Amino acid sequence: MEPVPTDLPAPGPPAPDLVALLALVAQGDQDAFGAVYDRVAGPVLGLVRSVLRDPAQSEEVAQEVLVEVWRRAAAYSPDRGTPMAWIMTLAHRRAVDRVRSAQAASDREHRAALLDHTPAYDEVTERVEARLEREQVRRCMGGLTERQRQSVTLAYYRGLTYREVAEVLALPLGTVKTRLRDGLIRLRDCLGVTA
């Protein structure tokens, strides 16, 4: 059996507890913060990593938490719980905020992608309405007499004046005006247009 060494260093004073260390950190003591950091960095990183799962983001959030401990050490109150519980609450909240922020960003990107690939609602509606109107106009044009249809087509689809329609159809101007008026009245009634 080996002899027990007798030249071991004497144990030093007990390490200050986290309550005392946080009080010193609140006063700006960097050494006290170093001691707090050494004690809580591992548990903070472990908690954050269990929420985020991404190692790089976990390290970033853990650093943010420890900076928050440095800045808000004066906000810690021993009456409300242990220092470790306070720090772990800060860590959990920060990790959950990161998850929510990432989810919100993902949702925004998804909505933006859908908007990029989907024609505007008004554009689709206008196309459908225009197609329906064209079909209805064709149907109503089919209900006109041949002479009315010719007069309306020349005047409104080819843009000819009444006088030019009369020349093309070799009819008196008054007859063309009457055919156009009667044809337009029938179209109006067929289309259900109110004056």
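It should be emphasised that the depicted structure is a prediction, and the values quoted were computed from it without experimental measurement.
- By the 4.5 Å heavy-atom criterion applied to side chains, V69 and V40 are not counted as neighbours.
- Rounded to the nearest 0.5 angstrom, T89 OG1 and M84 CE are separated by 11.5 Å.
- Within the model, atoms CE of M88 and CZ of R93 stand 13.5 Å from one another, a figure rounded to the nearest 0.5 Å.
- Under a 3.5 Å cut-off, the side chain of S58 and the backbone N or O of D54 do form a donor-acceptor pair.
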Evaluate the side-chain contact (heavy atoms from CB on, under 4.5 Å) criterion for residues L180 and Y156: first the C-alpha distance (whole Å), next the side-chain angles of each, then the deciding distance (0.1 Å), finally the verdict. CA-CA 10 Å; L180 278 169; Y156 290 96; 4.1 Å; yes
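- Contact between L66 and A41 at its shortest, heavy atoms only, is CD1-CB, 4.1 Å.
- Atom SG of C140 and atom CG of L191 lie 4.0 Å apart (nearest 0.5 Å).
- Counting only heavy atoms from C-beta outward, the side chains of L18 and L21 approach each other to under 4.5 Å.
- Residue V176 comes nearest to A166 through the heavy atom pair CG2-CA, 3.5 Å, listed as atom of the first residue, atom of the second, then distance.
- Listed here is the closest heavy atom pair of V44 and A91: CG1-CB, 3.9 Å.
- In the hydrophobic cluster analysis, where Ile, Leu, Val, Met, Phe, Trp and Tyr join through side-chain heavy atoms closer than 4.5 angstrom, Y162 is grouped apart from I185.
- Side-chain contact between T178 and R181: present, with at least one pair of heavy atoms (C-beta onward) separated by less than 4.5 Å.
- Side-chain contact between R139 and C190: present, with at least one pair of heavy atoms (C-beta onward) separated by less than 4.5 Å.
- Heavy atoms only, all atoms of each residue included: A73 and V25 are closest at CB-CG1, 3.6 Å.
- Between R98 and E60 there is a salt bridge, since a side-chain N of the basic residue sits under 4.0 Å from a carboxylate O of the acidic one.
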Mind running side-chain contact (heavy atoms from CB on, under 4.5 Å) on Q27 and L24 for me, showing each step along the way? CA-CA 5 Å; Q27 297 170 8; L24 293 170; 4.1 Å; yes
What donor-acceptor contacts under 3.5 angstrom involve side-chain atoms of residues 142-149, with partners at least two apart or in another chain?
{"unit_1": "T145", "atom_1": "OG1", "unit_2": "Q148", "atom_2": "N", "d": "3.2"}
{"unit_1": "T145", "atom_1": "OG1", "unit_2": "Q148", "atom_2": "OE1", "d": "3.4"}
{"unit_1": "E146", "atom_1": "OE1", "unit_2": "R149", "atom_2": "NH2", "d": "2.7"}
{"unit_1": "Q148", "atom_1": "OE1", "unit_2": "T145", "atom_2": "N", "d": "3.1"}
{"unit_1": "Q148", "atom_1": "OE1", "unit_2": "R186", "atom_2": "NH1", "d": "3.2"}
{"unit_1": "R149", "atom_1": "NH1", "unit_2": "M141", "atom_2": "O", "d": "3.1"}
{"unit_1": "R149", "atom_1": "NH1", "unit_2": "L144", "atom_2": "O", "d": "3.0"}

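- Taking the side chain as every heavy atom from C-beta outward, V165 and L171 never approach each other to under 4.5 Å.
- The distance from the CD atom of E167 to the CG atom of L160 is 9.5 Å, given to the nearest 0.5 Å.
- V67 is not connected to I87 by any chain of hydrophobic side-chain contacts under 4.5 Å among Ile, Leu, Val, Met, Phe, Trp and Tyr, and they are in different clusters.
- Contact check for R49 versus E59: side-chain heavy atoms found under the 4.5 Å cut-off.
- Ring geometry for W86 against Y76 counts as tilted: the plane angle lies between 30° and 60°, on a 0 to 90° scale.
- Looking at heavy atoms from C-beta onward, R94 lies out of side-chain contact with V48 at the 4.5 angstrom threshold.
- Looking at heavy atoms from C-beta onward, L132 lies out of side-chain contact with Q136 at the 4.5 angstrom threshold.
- Annotation: salt bridge (charged side-chain N to carboxylate O under 4.0 Å, His left out) contacts of R72 (sequence neighbours excluded): E68.
- Considering CG of L90 and CD of E64, their distance stands at 12.0 Å, rounded to 0.5 Å.
- Minimum heavy-atom separation, E164 to G159: OE1-O, 4.4 Å.
- No continuous path of ILVMFWY side-chain contacts below 4.5 Å connects L47 to L45, so the two sit in separate hydrophobic clusters.
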